[in-house]
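Notes follow the structure.
Computed from a predicted structure; not experimentally measured. In what follows, chains are A, B, ... by sequence order, proteins preceding strands, each numbered from 1.
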4 protein chains.
Amino acid sequence: MNSFGTKLRLTTFGESHGSGVGCVLDGVPSGLTIDGKFIQSELDRRKPGDTVSGTKRKEADRAEILSGVFEGVSTGAPIAVFIANIGARSQDYDELREIFRPAHADYSWFMKYGVRDHRGGGRSSARESAARVAAGAIAKLMLKEIGVTVKSGVALMGGTGSEACDFEYAKNSPIFSLDPNVEAEQIAVIKAARRDHDSIGAIVKIRAEGVPPGLGEPLYGRLDAKLAEAMMGINAVKAVEIGAGVRASFMRGSENNDQMSADGFLSANAGGILGGVSSGEPIDLTVYFKPTPSIGRVQRTIDIRGNERVIEIKGRHDVCVGVRGAVVCEAMTALVIADMLLLNLSSRLECVIAAYTCRKPL
Amino acid sequence: MNSFGTKLRLTTFGESHGSGVGCVLDGVPSGLTIDGKFIQSELDRRKPGDTVSGTKRKEADRAEILSGVFEGVSTGAPIAVFIANIGARSQDYDELREIFRPAHADYSWFMKYGVRDHRGGGRSSARESAARVAAGAIAKLMLKEIGVTVKSGVALMGGTGSEACDFEYAKNSPIFSLDPNVEAEQIAVIKAARRDHDSIGAIVKIRAEGVPPGLGEPLYGRLDAKLAEAMMGINAVKAVEIGAGVRASFMRGSENNDQMSADGFLSANAGGILGGVSSGEPIDLTVYFKPTPSIGRVQRTIDIRGNERVIEIKGRHDVCVGVRGAVVCEAMTALVIADMLLLNLSSRLECVIAAYTCRKPL
Amino acid sequence: MNSFGTKLRLTTFGESHGSGVGCVLDGVPSGLTIDGKFIQSELDRRKPGDTVSGTKRKEADRAEILSGVFEGVSTGAPIAVFIANIGARSQDYDELREIFRPAHADYSWFMKYGVRDHRGGGRSSARESAARVAAGAIAKLMLKEIGVTVKSGVALMGGTGSEACDFEYAKNSPIFSLDPNVEAEQIAVIKAARRDHDSIGAIVKIRAEGVPPGLGEPLYGRLDAKLAEAMMGINAVKAVEIGAGVRASFMRGSENNDQMSADGFLSANAGGILGGVSSGEPIDLTVYFKPTPSIGRVQRTIDIRGNERVIEIKGRHDVCVGVRGAVVCEAMTALVIADMLLLNLSSRLECVIAAYTCRKPL
Amino acid sequence: MNSFGTKLRLTTFGESHGSGVGCVLDGVPSGLTIDGKFIQSELDRRKPGDTVSGTKRKEADRAEILSGVFEGVSTGAPIAVFIANIGARSQDYDELREIFRPAHADYSWFMKYGVRDHRGGGRSSARESAARVAAGAIAKLMLKEIGVTVKSGVALMGGTGSEACDFEYAKNSPIFSLDPNVEAEQIAVIKAARRDHDSIGAIVKIRAEGVPPGLGEPLYGRLDAKLAEAMMGINAVKAVEIGAGVRASFMRGSENNDQMSADGFLSANAGGILGGVSSGEPIDLTVYFKPTPSIGRVQRTIDIRGNERVIEIKGRHDVCVGVRGAVVCEAMTALVIADMLLLNLSSRLECVIAAYTCRKPL
C-alpha cells in the first residue's frame, strides 16, 4: 500500500534518516520531455531551511533520475527518482528510541508493526513527501501539455489570514501567503509561535485550472473522492473541502446550486466537480493542516513499555507544516488529475475506435 | 472503477430506473453468519417514504442474496445482493431527457460519456447507495465479531443543531438527530424548506468504537485517507473532517496534541487516527452534505445542445439528503474499517507465522 | 479476488446450485451497441445438453442484463448480467456432502475455507464460466469495432486429432473439431470414454486476428502473461503455450527467430507476441485441458474427517470439458485483449494530447 | 503496470544500460531479518560471466538496500533494492539504434511507444530480472519462516536431457542441470551452439515444497493462474505447465485423477494445485524457454523506417537464457507463493477473530 493512483501510479520508498527517499512513477506516456530543472525547482519549493516557517535542517534534496528517461524523453518505462538524505542528524533522536511523541505516528505505528525506526519518524516522516513532489512535478509536466495548471497558497496560519486567493503572489511569498495584505501579520504569528516553542496550523487553498470536463471515474474513482483521499493522506491534514465545502451544508439548494447559462455556470459552489466528474470549471480545494506535532515544550507521554514519561522535543522542526504542505498538496492534486486524464481516454467508444483506426504501420 | 476496497472489495451496479441496484462483496471470510434480517433493517433505515426529510417515492428495497451464502453462512465466495427497483416512475423524467439539472451529475457525465440515462440520474443517482448499505450491513456483521461498532447521526440541518452527539438517540429519531433538544426545531427547518420547494444541507457525525489499534496501511492506504475517500465519494458530500478537523488548523500544537498517560490519551483531537493508523480510540468523522440539488423552483440551465432552458424539477425528492446520507456514511465507514482489519493481518511476521503453524490437517 | 482485468474489469459471482451466476463488467466505453442476441448465442455455444461431449444437464442459460445499458447502448456504467440456475438437481450431490471428489477443488477449498457448498462444487464449478462467456461476448462486440476477432477449436481429444486448424469448420462442429477429417474419430473416442464411465482430455487452439501492434503493458501486464493467467485460470487447464511454445525450447535461435522483411514476418513462431507486446500478427494460443475429473468409476478418496471412502460419481458430467472449455478460452482471450486495447490508449503522449485537443464543448 | 502481486507487491524499474535496475517490495511484514548475504548469493546465482551458458558481460550486481530495513530487520515499510549497472558497453549497440533485432521486443515496443532506448533492449532486457531475483530472495526469507522452499533446475537444453529431477545436484551444477548423467552432454550442446554463433532453448523445472494447503484466491487469484502469469511474464518463456500438464490432456480421468487415502494422495498429476488452490503437496511447474534471440548469425530484418536490413548481433549474450532463467523462475514462484500466504490470512472468520482477540495493549 505504498502506491497511489491507477493508470499513473506512484510508488514511494524511503525513510527520514535512511539512505534517502525515492519514487517510481509508472504509466507516464512515452514522448514527454522530462525537464530535470523543473523537478528540482519543485523540490526547492518544498525544501526547508531558509523560510520563516520551516525547520532549520538543511535538506539538499537533489533529484536523481534512475530510469525511464532516454535522451531527455520518457520512454514509457517507469521513472524512478531518488533523493539522498543529507544532513540527517540521527543522534537528535537517540533519546526518543523508546518514547512516543504526542500527535505523531509513533504510538499507532508501533501498535501495528511492533518494531520502529525511531529516527525522525522513519517512514512516517514528512520527509517522504519529497518523493511525492518529484513525482508531482512530472505529472505537472504532462498536465502542461494539455493546458492544466495547479496552484496553491496558504490562506490562514494559526487563524490569521483572509479570503483573498492571489495564487500568483503566493508563488513568491516565503510563506506562500495568498494575501499580500496579511502576509506580514502571518509571519509575525509564525515567529511568535516559534518563540513560544510551539507550532500553528494552517489552511491551504489549491486550484486546478484548464481541467477538461469529464475527468473522474464513477462511482468509486470519483475525482472528488480521489482528491479527498490524496489530501487527507498528507501528513497533518485533518479536513478537506471541495468548492463551497462546509459552507454548502449551511445553504439552501436555491443558493448552493450553480445554475447555467449559454456562457457557462453562474456561480462556483461545486468547486469544479459535479457527480464526481470535472465540469470544466476551476477545481477548488481547501485543505486543513493541524499544527506541527513536534514542539519544544514539555509534554506527557508513555514509552514502548507503557511507562509514563515526559518529553521535550529538540530536533529541528517546521513551526507550520502547512506551508511546505501546500507544495505537497499541489503535487498530489497534479498526480490525481493526470491519472484521471489517462483513465478517461476510454470513456467513449468513438474515442477508442478513433485511437486505433488512425494508427498506421511503419 | 465501480469497485471499492482492497481485501474486502465492493462492486456495485445498477441505475435509478433500471431493473435494480446490486452489489458484489468480495473477500468476506468464510464462516460468517449472514443475518438477512439485519441487512434488511439497514436498508429500511435508509429507505425514504415516511420520514419528514425524505422523498415520497416508496422504495420497497428488498435485499435478495444471490450468492456466497450457504445454509446461512458465508462460504468465502463473493456475496451478491440485488435490490429490485419498484415504484420507479420514469415518466417523471421525460421532460428532462435533454436538460441538465443544476448541481446534479447530468452535465459533467454527459461531457464524459456522450450518452445518458436521464431517468433519475441513472447511475449517478443516490439510489445506488442502497447497494452500499447492503454491503455495509455485511461489513458490520463482520465487525461485530471483533467488537467494532459504527454509529451516526445528524448534527446540523440547514444550520440548525448543536454540538451534542447522542448517537443512541439518533438511532430512533426520524431525522437521525443527535440532540433531542433541537430535533423539533430541525424538523421545522425541514418542513419550511419543503414548503418553499427548496432543500437544505446537513452535517453528519460518524463514530466507530472498538477499533483495534494498528488499522490503516501506510502510506497510501492510510485509514484517514481511505475514510475521506469513502465519505467524499458519497453523493452530495462536499467536506470531510477527522477529529478536530477544521478546528485543528486554528490551534497551536500545545493545544491540539493529544498527550498520553498510562491510562491513555488525555484529549481526543486526533479523532482516533495518528499517522494514518488507528490508535485504538474512537474514530470521529464529520461529513458535510450540500442541500439536495433537486428543488421545485425555477432554475436556469442548458440542454444537451447548449441552448438555454429553465427547469422546475417535479419528481419526489429528499429535502435534506444528509439524513439518509448518514446511513450511507455508516455503511462506507464499516466497509473501510473491515477492509483495514483484513489487510492488517499481515502487518507482523510473528502473526503470519502463528497463523500457519497452528494449522493442522483434517 | 473474484475480479479479472484492469481497465475492463470482470467480476463474477454465483454458484453451481445457488440462484444463478452473474457478472459485472466494468469499464465498457459508452456508445457500444449491446446485442443481446449475440450474448445469448455465445451462451448457447457453451451450453451443454445436446452435444456428444457434454453433460446431460439442461441449462437454459438465459442472459438477463441488469444494468449499464440504456436503449440498447452501453452508458459507461457497469454492465451486470445474471443467468439464473435452472434444472439444477442438488439432490444428486447429497451423498457428496462430506466426501472429497478426486481431482476436484473439494479438498483444497475445504482446507482453505473450512466450510463448503458441496452441491456441484459450489463456487468452484465450471458453471461459473457462463458468466465469463457472457462478459466475453460483450468484449467481442467491442473488439469487433476495432476489427479484432477471436476463434477457437479443439485440436486433440483424448490424444486423437491432427495439426489442422480449420477454425471456420470448428465453429459448426458439434465438438468444435478443427479438422473435418478426424472429427468422426474424435466423436468415437468420446463415446468410448462415456461407455467406460470415464473422461478424456483435450487440446484447444485459440487464434486472435486483427490485433493491433502495441498491446500489452510491460513489464507485469505483458499480453502473454495475462493470456497465460487467463487460460490457466480456467477449470481443468494444466498447460498453456504461446506460438511455437513447447517446440521453441527444442529449437535453435536461427530456427525459432521470426525474421522480418518489408512485407512482414517470415515465420510465426512468436505467436504474435514479442517482449510481451502484440506484433500485429495473429495471436496463437494452445491450451491443454485435463480429463473431466467427475467419472462414474469407483475411486478412492477421503471425507472431511479424514476417513477413507470410495466414491462413484453419478450426476451428469461432460466427458470432455475441453470442448465447452474452448468457448470459455475464447471469452477470456477476448476480455484480455479488450482490456489491453483500453490500457494502451495512454502509451504515447501524442495520443493523449490528440484525445483532449480535439474535444469541444456542447 | 510495472508492479506484480497483491499483498506482497513488487515494483521494478531500470534499464539494461541506464544507471541500474531496482525493485520496491511492498507488503513485507515487519520483523523479518533481512539477510543481505543471502540476497547477494541469489543475485550471484543469476549472474553471468563465468558459466558455460552465459554471456561474457561481467555484471557485478551488488544489491544495495535503500529502505525498509532498520538494524537488520524489516519495519513494514517498502524495501527498495538498487543494483547499479556496471560494465555495460552501450557502444556495442550503436549500430542497432534504428534496427529491430528479430525475436526481441524491439519491433513491438517501438510500435507501442514510438521511442526507444535501443541499448541492450532498454527496459525489455533480461537485465531487469536481477531486480526480480533480489525481491524473490526476500520472499524466500519470509517463506523459510513458514517452512516453504523453492527449487529449480534445467531438465533439457536444446532437446538434450532426461526426466531426472535432482534439485540438490542442480544447485551446484554450472548449468543447473537436474541430471548428473546428462550434464556433460548438455554442456557439449551449449558449446556447439556457441561455436555456431547460435543459441538453444531449455526446459526448466520448479518445485515448491512445504506449501500449506489453502493458498490461492478463487476465482481470479488462483494459484495456478498466478504462477502461469508469473512464468509466462519472464523473458523468453513460451509455455508453462502445472503437474502433468500437457500429458494430462492425453490421459483419461481414471488415469489422471489423483485419488486419496488416509495417508494422502496416491499420485501427483495435479502438481499440488486443485481448483486453483494448493493441496499441501509439492507444487510442480515446467517452464519452456525459447532459444536466446540474440545470435551472431546474419538475419533479415527491418529498421524503424520499414527498410529491409540485415543484422549480425555482436554484443555478449547467453547461449541458453533458460539457465539463468531458472533462477528467475524460482524468484517469481517465491513471490507468488508469499503473496498468496499473506492473502490467505483472511480466508476464515475464526482466524480473523483469533488474530484480533489475542492482541493486547502495551
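How far CG of D:Asn235 is from NE2 of D:His104: 9.0 Å, rounded to the nearest 0.5 Å.
Shortest non-hydrogen contact noted between A:Leu43 and A:Val133 is N-CG1, 3.9 Å.
Counting heavy atoms from C-beta on, the side chains of D:Leu96 and D:Ile311 come closer than 4.5 Å. Between A:Phe4 and A:Arg132, the closest side-chain pair of non-hydrogen atoms is not below 4.5 Å. A 4.5 Å side-chain heavy-atom check between D:Asp61 and D:Arg46 finds at least one atom pair inside the cut-off.
Relative ring orientation between D:Phe100 and D:Phe110 is described as tilted, the plane-to-plane angle lying within the 30° to 60° band.
Contact count against chain A (heavy-atom pairs under 4.5 Å) is highest for D:Pro78 among D:Gly76, D:Ser19, D:Pro78, D:Ser30. Comparing D:Gly31, D:Ala80, D:Ser3 by how many heavy-atom pairs each has under 4.5 Å with chain A, the most go to D:Ala80. Heavy-atom pairs under 4.5 Å with chain A peak, among D:Thr75, D:Val73, D:Ile79, D:Ile302, at D:Thr75.
A salt bridge between D:Asp117 and D:Arg119 is present, with a side-chain N of the basic residue lying under 4.0 Å from a carboxylate O of the acidic one.
Screening A:Arg309, A:Arg97, A:Arg101, A:Arg116 against A:Asp303 for a salt bridge (charged side-chain N to carboxylate O under 4.0 Å, His left out) leaves a single residue, A:Arg309.
Looking at A:Ser74, only its backbone comes within 4.5 Å of chain D, counting heavy atoms on both sides. Only the side chain of A:Glu71 comes within contact range of chain D, with heavy atoms under 4.5 Å apart.
Identified by a heavy-atom distance below 4.5 Å to chain A, the contributing residues of residues 22-29 of chain D are D:Val24, D:Asp26, in residue-number order.
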